[in-house]
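This chain uses plain numbering: 1 for the first residue, then up along the sequence. Note that the structure is a prediction, hence the values are computed from the model and not measured.
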Amino acid sequence: MSYSVEQTRARHEESETDMARAAAKIVDQAKVAALAKILEDADIDRTAFDTAVASLTADKSLRSQELIAIAKTYAGLARRITSKKSALDAIHGRFVEKVRFEKKNALAASSRPW
């Protein structure tokens, strides 16, 4: 069975829109904002951060799309995150970055001669 060019284009466009609809899962933005705020409020306090991350990993109702959105909100990332593991890695990476920045500034402030 052969298809005309128009039929092939129509089938291709139809398959693209089906894929786009399947990939566009609705994310609860209020939930994402609240959980990202909990991470932000932890600032550089390790125990508060560990508690927040433990609550994220223990929450079975949290879908991977929501965790990815939380990671992007908290870490301010533009890169693509595709899994829960990479989202958690991004969250941990941002925390370490914040701690290092604070310690670097504290060290610089203590060593300034003026």
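- Heavy atoms only, all atoms of each residue included: T82 and S86 are closest at N-OG, 3.5 Å.
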Check your understanding: L39 and V53: side-chain contact (heavy atoms from CB on, under 4.5 Å), yes or no, with the steps?
Key -> CA-CA 8 Å; L39 290 169; V53 170; 4.2 Å; yes

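- Cluster membership check: V27 shares its hydrophobic cluster with L62, using side-chain heavy-atom separations under 4.5 Å among Ile, Leu, Val, Met, Phe, Trp and Tyr.
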Check your understanding: What's the verdict on side-chain contact (heavy atoms from CB on, under 4.5 Å) for D59 and K31, showing C-alpha distance, side-chain angles and the deciding distance?
Key -> CA-CA 12 Å; D59 188 0; K31 184 177 184 180; 4.1 Å; yes

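- Summarising the geometry of S61 relative to E66, their closest heavy-atom pair is O-OE1, 3.8 Å, with the distance given to 0.1 Å.
- Ring planes of F49 and H92: perpendicular class, angle over 60° (limits at 30 and 60°).
- I81 and A87 make their closest contact through CG2-N, 3.5 Å (heavy atoms, listed as atom of the first residue, atom of the second, distance).
- Of the options T51, D50, D45, a side chain to side chain donor-acceptor pair (under 3.5 Å) to T47 is made by D45 and by none of the others.
- The minimum heavy-atom distance between L67 and L56, with the atom names listed, is CD1-CD1, 4.2 Å.
- Under the salt bridge (Lys or Arg N to Asp or Glu O under 4.0 Å) criterion, K98 pairs with E40, D43, not counting sequence neighbours.
- I44 and E102 make their closest contact through CG2-CG, 3.8 Å (heavy atoms, listed as atom of the first residue, atom of the second, distance).
- With respect to R94 and E97, a salt bridge is recorded, a charged nitrogen being found less than 4.0 Å from a carboxylate O.
- Side-chain heavy atoms closer than 4.5 Å link hydrophobic residues (I, L, V, M, F, W, Y) into clusters, and following such links, even through other members, never connects L88 to L77.
- Taking hydrophobic clusters as Ile, Leu, Val, Met, Phe, Trp and Tyr residues chained together by side-chain heavy-atom distances below 4.5 Å, Y74 shares a cluster with V32.
- Considering only residues two or more places apart in sequence or on other chains, R80 meets the salt bridge (Lys or Arg N to Asp or Glu O under 4.0 Å) condition with none of them.
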